[in-house]
Engineer: 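Dropping the structure in here first, questions after.
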Amino acid sequence: MSNVELDQLREQLDDVNLKLLTLLNERAKIVKEIGKVKETQGVNRFDPVRERYMLDKIATENEGPFETSTLQHIFKEIFKAGLELQENDHRKALLVSRKKKPENTIVNLKGEMIGDGKPHFIFGPCAVESYEQTAKVAEAVKARGLKLLRGGAFKPRTSPYDFQGLGLEGLKILKKVATEYDLAVISEIVNPADIEEAIEYIDVIQIGARNMQNFELLKAAGSVNKPVLLKRGLAATIEEFINAAEYINSRGNGQIILCERGIRTYEKATRNTLDISAVPILKQETHLPVMVDVTHSTGRRDLLLPTAKAALAIGADGIMAEVHPDPAVALSDSAQQMNIEQFNHFLDELHAFMPIKA
Ligand code: PEP
Ligand code: MN
């Protein structure tokens with residue numbers, strides 16, 4: 001065969017390829033139309049009877065040279081791709097996804113714009129224990145020009161015999177301190193029934209790791225007009241974490257801050273394993289601000305600073321860490337909270353590490 005003949009055959013083949021391309025896309029368009037009709041009729045997209053009919057028709061019409069089984073295999077792939085096309089049309093992008101909203105969501109906490117590209121800080125005791133204890137931390141936070149104070153009033157503890165928090169009394173203390181020091185306060189709510197009352201006292205609802213898939217709580221938090229800080233579950237995948245945020249958003253509340261707080265692994269050197277790469281993944285996949293809790297992820301005071309640096313370097317929108325006036329006598333998480341002096345040192349070191357807005 002001459003080179004000229006070969007070139008001619010190749011040209012013919014290119015031509016057929018383009019015809020197949022046109023036909024495949026023509027088929028895809030029809031499949032999409034069928035998908036729409038099925039959606040309105042509420043019937044299943046996959047129809048085995050119809051697929052069998054099409055495969056049989058291919059068998060009877062086949063004149064070769066391809067074996068019928070080969071052709072059926074190829075057509076099965078085409079059918080499968082068509083079905084996927086219908087499902088992609090159906091599966092709408094999540095509200096929290098970047099696909100749905102490319103620009104960053106900024107959550108305004110009394111003027112602290114979380115997600116504006118600058119680092120923000122949430123400090124405060126693990127639990128609100130008394131007015132004096134909370135006010136001491138508030139004073140230190142205020143003295144550093146910061147705005148966000150945390151403190152647990154409803155504490156989800158591993159043991160039912162451990163300090164469970166002051167409950168509503170704790171929220172009242174937070175409210176008093178917030179007013180006196182002009183701070184925004186954040187506290188965990190564990191019961192959907194408490195949300196309505198709690199939002200009278202706090203500026204941010206925290207949903208803790210143990211409740212990340214408490215769907216009734218997520219729906220309740222999604223139904224109010226109050227920012228929510230959602231922490232990643234102890235054993236939650238990033239996909240599950242994003243879907244938990246979607247629960248909140250789906251009810252109308254889009255003011256959500258995600259918080260990576262470590263996941264449980266076989267590693268025992270730290271309380272949890274800080275999944276640092278979750279930060280850029282969450283920022284890519286969603287438009288929500290992402291903070292890192294260095295206290296609960298490490299459970300180690302000596303690791304608070306290096307992990308906070310890592311979090312800021314990788315693009316976190318902020319850091320959460322626990323501060324107690326006297327950690328040695330704290331009623332919870334005594335081993336890992338910073339005292340006021342350590343807190344000031346921590347902030348100085350972070351300031352030195354990168355320029356930080358006060
Ligand atoms: C907390 O922040 O007080 C807390 C209990 O954290 P987590 O839910 O991440 O364990
Ligand atoms: Mn704690």
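In each ligand, atom 1 is the first atom listed, and ligand 1 is the first ligand listed.
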Engineer: Which of the atoms of ligand 1 are close to Gly208, meaning less than 4.0 Å from one of its heavy atoms?
Structural biologist: 8 (O)
Engineer: Run down the list Arg157, Arg261, His296 and name the one with the heavy atom closest to atom 4 (C) of ligand 1.
Structural biologist: His296
Engineer: Nearest 10° is fine: what angle sits at the Mn ion (ligand 2) between OD2 from Asp333 and OE2 from Glu322?
Structural biologist: 140°
Engineer: Do Ile238 and Asp275 come close enough that some side-chain heavy atom pair is under 4.5 Å?
Structural biologist: yes
Engineer: Would you check the N or O atoms of Ala209, main chain and side chain alike, for any that come under 3.5 Å of an N or O of ligand 1?
Structural biologist: yes
Engineer: For atom 6 (O) of ligand 1, what is the closest protein heavy atom, and at what distance to 0.1 Å?
Structural biologist: Lys231 NZ, 2.9 Å
Engineer: Side-chain heavy atoms nearer than 4.5 Å, only ILVMFWY residues, links allowed to pass through others: does that put Phe343 and Leu350 together?
Structural biologist: yes
Engineer: For Arg232, state whether at least one heavy atom is located under 4.0 Å from any atom of ligand 1.
Structural biologist: no
Engineer: Verify, without hydrogens or angle tests, whether Arg261 (side chain) and Leu234 (backbone) share a donor-acceptor contact under 3.5 angstrom.
Structural biologist: no
Engineer: If I take atom NE2 from residue His296 and atom CZ from residue Arg271, how far apart are they, to the nearest 0.5 angstrom?
Structural biologist: 5.0 Å
Engineer: Using a 3.5 Å cut-off on N or O atoms only, is Lys155 in polar contact with ligand 1?
Structural biologist: yes
Engineer: Arg210 heavy atoms, cut-off 4.0 Å: which ligand 1 atoms fall inside?
Structural biologist: 7 (P), 8 (O), 10 (O)
Engineer: Quick one, Leu230 with Leu218, criterion side chain to side chain contact (heavy atoms under 4.5 Å, CB included). Give me CA distance, side-chain angles, the key distance, then yes/no.
Structural biologist: CA-CA 9 Å; Leu230 176 67; Leu218 297 171; 3.8 Å; yes
Engineer: Around atom 3 (O) of ligand 1, find the nearest protein heavy atom and jot down its residue, atom name and distance.
Structural biologist: Arg150 NH2, 2.8 Å
Engineer: We want to know whether Asn225 and Gln255 form a side-chain donor-acceptor pair, criterion being a heavy-atom distance below 3.5 angstrom.
Structural biologist: yes
Engineer: Testing Lys231, Arg232, Glu260, Glu322 one by one against Asp293 for a side-chain contact (heavy atoms from CB on, under 4.5 Å), which residue passes?
Structural biologist: Lys231
